[in-house]
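Just dropping this structure here.
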Amino acid sequence: MALPPGGTLAAAQRHSPGANMIPMVSFTGMLAIDARDVVKTFRSGWPRRRETPALQGVSLAVPRGAIFGLLGPNGAGKTTFLSILATLLVPDGGSVRVLGHDVVREAGALRRRLNMASGRPSFLWSLRVGEILAFYGRLYGLAGAPLRRRVDELIELCELGPHRRVLYSELSTGLKQRVALAKSLVNDPELLFLDEPTLGLDPDISVRMRRHIAELRRDRAMTIVLTTHYMREAEELCDEVAFIKAGRILARGTSGELKRRIRLGEVIALRLDPPTAAWLAEAPGVLRCVAADGWVECTVDEAEKRLPELLRALHVEGVVVRNVQVREPDLEDVFVELAR
Amino acid sequence: MNWRAELLGVEAVLVRNALMASRNVFFFFELLFWPIVGVLSIGLMTRFLRLSPEQASFVLVGTIALSVVNVCQLEVAYAVLLDVWSKSMKHQFLAPIGIRHLTLGSWVVGMVRGTAIFALLALLGWWAFGFDVLRPGWLALGAFLLGCFLNAWVVGVAVCALITLFGNRAEAFAWASVNLVLVLAGIYYPVSVLPEPVATVARAIPLTYFLDAYRASFGFASEFAAPVATGLALSALYAALAHWAFLAAVGRARRTGLLLKMSE
Ligand SMILES: Nc1ncnc2c1ncn2[C@@H]1O[C@H](COP(=O)(O)OP(=O)(O)OP(=O)(O)O)[C@@H](O)[C@H]1O
Ligand SMILES: [Mg+2]
């Protein structure tokens, strides 16, 4: 259904003939995740109780088929939120519907349809890779030939062939992560949660892991929600990201939208002779100026307009410009700005 | 109820526990060493004390029962302990299975191990001390073993519940408390010799009744009217309670985040 410009869904329903026949589920049915005002506080310690408010009213809707990134500093509540979505943790307040199921009341039905892997995986040490996958396959209702086929398929998909008979305790970090990914695909989930899937992987393996993740969505139409501390990963993989800090969502959008919204400006980096020019910070359109490693980095509102102005001013002042680079802000800058 | 799914869940856990058991270095000690040491030392003691063959049988039944229950309860507790040790708790609670699959699957493996250890100890008792486990007949023997396994199930599930409630630091406490209960079950003595408050506790333990019924065939008058029926009824009651406690503990662990803590 096409929305009229600036229109809401409710408005669209009013405009379309027979609108009252369109049930709301047609919209909510398109959402993989619909979380509203989720609150979670951990209480630990005895006899003196310590309270850690991990989520303080998180609302988030994720459409089906998306790769969605959750970003935020350590302890922001990313893992807590994923765990609630995956039914491993019960929220204190708010409502959470995942694939149309309530995560508390309909957890059983939901568990069949989702799965999760984390970047710090752990499985029974003295089982072999093939045995681990078969164990979880059975837990998800596979048996006999279909189970064997499934395990073979996953071993091939995650490039675990040569390690099939290796004990889990003898695997390297990268291989353990691949076992975790393979396990999380054992029920061919519609929704997959990945908590820091490339944590501690070398660049080559990270690239392959990211390719796997992108393929999962492309080939199997899976909805994927991941957390990561690698901004490049988020930019490369995710259709949209949300920033969580101290249990609250601060911003959400595509990385382009966020960069524009946060108004980080662009950076003009200059190598000057003499190496500094303090007055640059006062020039029109310059938001801030820092000197680092022989470069002067000026953040400006609009590089295209300000670069000629700056060059002219430097020329007038008799400062020689030896090198110039213009850089767009990346997601990392957005992160640093939001986490501040 | 979907029986195929039920059986698959149980089978999954069964296969896992069996594989783990076959790779456990302590398996040998659990299964052979301590039980054999137990039967030999107790058997020799009965000789030294010049007990009658009936009295010796009475004590040996207790030793064997203790070993069988221990091996089986340990296996049931492995339903969560294996995952607690390897910090992989969350995966099985993310899967669409219930705690019944976990405990039943482990229980089946526990019964196989329990039966193996029983057969071994029976042979040893017969060879070394002329003790015949079959004297009461197959039916009585079957009821006795069933009683041991039911008790093991209850104890094992109770340990699972305690660990899921308090985390792995509760492990030692869990073992101590449940073993204390077992020792009260008149393992080496009839309930009648216990002082009153303790005897009441012993009468609340199902194993007491199964021991009593089995020993009746060795010439010891039964202290209870219908020991096997009472034992079964009590076992059913405790099994339900233990299952509920484990279920409640898992629910609580999902609320407190302990489930996640035991997975990292
Ligand atoms: N099981 C738990 N018990 C008690 N407190 C917890 C538990 N899990 C998380 N917390 C606390 O809740 C807060 C949010 O933690 P969470 O693990 O969700 O953060 P995160 O965003 O995933 O961080 P990181 O990037 O370091 O993984 C933290 O203060 C953490 O200490
Ligand atoms: Mg985390």
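Just so it is clear, the values below take in all heavy atoms, side chains as well, and ignore hydrogens, waters and symmetry mates. Residue numbers begin at 1 in each chain, while the letters A, B, ... track the order of the sequences. Bear in mind the structure is a predicted one, so any value in this text is a computation, not a measurement.
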(message) Would you compute the distance between atom CG of A:Leu82 and atom CD of A:Glu196 and round it to the nearest 0.5 angstrom?
(response)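 With rounding to 0.5 Å, CG (A:Leu82) is 9.5 Å from CD (A:Glu196).
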(request) Would you mind checking which part of A:Ser44 comes under 4.5 Å of any heavy atom in chain B, side chain (CB onward), backbone (N, CA, C, O), both or neither? (result)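 Answer is side chain: those atoms of A:Ser44 sit under 4.5 Å from chain B.
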(message) Before you tell me yes or no, could you show the steps for B:Arg100 and B:Glu6 under salt bridge (charged side-chain N to carboxylate O under 4.0 Å, His left out), namely the whole-Å CA-CA distance, both residues' side-chain angles and the distance that decides it to 0.1 Å?
(response) CA-CA 9 Å; B:Arg100 61 186 181 281; B:Glu6 289 298 305; 2.8 Å; yes
(message) Please identify, among A:Thr41, A:Leu142, A:Ile132, A:Val90, the residue contributing the most non-hydrogen atom pairs under 4.5 Å to chain B.
(response)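 So the answer, after comparing A:Thr41, A:Leu142, A:Ile132, A:Val90, is A:Val90.
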(message) Quick check: closest heavy atoms across B:Val71 and B:Gly114, and the distance to 0.1 Å?
(response)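 Heavy atoms only, the tightest pair is CG1-N, 4.1 Å.
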(request) Quick one: which of A:Thr87, A:Ile84, A:Asn187, A:Leu88 has the most heavy-atom pairs under 4.5 Å with chain B, could you say? (result)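 Winner by heavy-atom pair count: A:Leu88.
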(message) Is the distance from the ring center of A:Phe135 to that of A:Phe123 below 6.0 Å?
(response)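 Here the rings of A:Phe123 and A:Phe135 have centres that are no less than 6.0 Å from each other.
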(request) Go through the atoms of A:Leu110 and report whether side chain, backbone, both or neither lie under 4.5 Å from a heavy atom of chain B. (result)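 Neither the backbone nor the side chain of A:Leu110 comes within 4.5 Å of chain B.
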(message) I'd like to know which of B:Ser88, B:Ala5, B:Gly9 tops the heavy-atom pair count under 4.5 Å against chain A.
(response)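 Looking at each option in turn, the highest pair count goes to B:Ser88.
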(message) Are the side chains of A:Thr173 and A:Asp202 in contact, using a 4.5 Å heavy-atom criterion?
(response)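 The answer is no; the side chains never approach within 4.5 Å.
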(request) Pick whichever of B:His91, B:Lys90, B:Met20 has the most heavy-atom pairs under 4.5 Å with chain A. (result)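 Heavy-atom pairs under 4.5 Å are most numerous for B:His91.
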(message) Which residue is it: A:Asn115, A:Val225, A:Thr227, A:Leu70? I am looking for the one with a side-chain contact (heavy atoms from CB on, under 4.5 Å) to A:Phe193.
(response)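 Going through the options one by one, the only one that passes is A:Val225.
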(request) Between chain B and each of A:Ala117, A:Ser126, A:Gly137, count heavy-atom pairs under 4.5 Å; write down the option with the most. (result)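 The residue among A:Ala117, A:Ser126, A:Gly137 with the greatest pair count is A:Ser126.
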(message) Under a 3.5 Å threshold, yes or no: a donor from one side chain and an acceptor from the other, between A:Glu233 and A:Ser206?
(response)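 Checked: A:Glu233/A:Ser206 side chains show no N/O donor-acceptor pair below 3.5 Å.
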(message) Does any backbone or side-chain atom of A:Tyr168 lie under 4.5 Å from a heavy atom of chain B? Answer side chain, backbone, both or neither.
(response)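 Neither part.
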(request) Please flag which part of B:Ala95 lies under 4.5 Å from any non-hydrogen atom of chain A: side chain, backbone, both or neither. (result)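 Contact with chain A is through both the backbone and side chain of B:Ala95.
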(message) Counting C-beta onward and ignoring hydrogens, is there a side-chain heavy-atom pair between A:Arg112 and A:His101 closer than 4.5 Å?
(response)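 A side-chain contact under 4.5 Å is absent here.
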(message) Counting only non-hydrogen atoms closer than 4.5 Å, does B:Leu260 touch chain A with its backbone (N, CA, C, O), its side chain (CB onward), both, or neither?
(response)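 For B:Leu260, the contact with chain A is made by the side chain alone.
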(message) Please classify the contact of B:Leu259 with chain A as side chain, backbone, both or neither, using a heavy-atom distance under 4.5 Å.
(response)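 B:Leu259 touches chain A through side-chain heavy atoms alone.
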(request) Check each atom of B:Arg255 against the heavy atoms of chain A and say whether the ones under 4.5 Å are side chain, backbone, both or neither. (result)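 Both parts, backbone and side chain.
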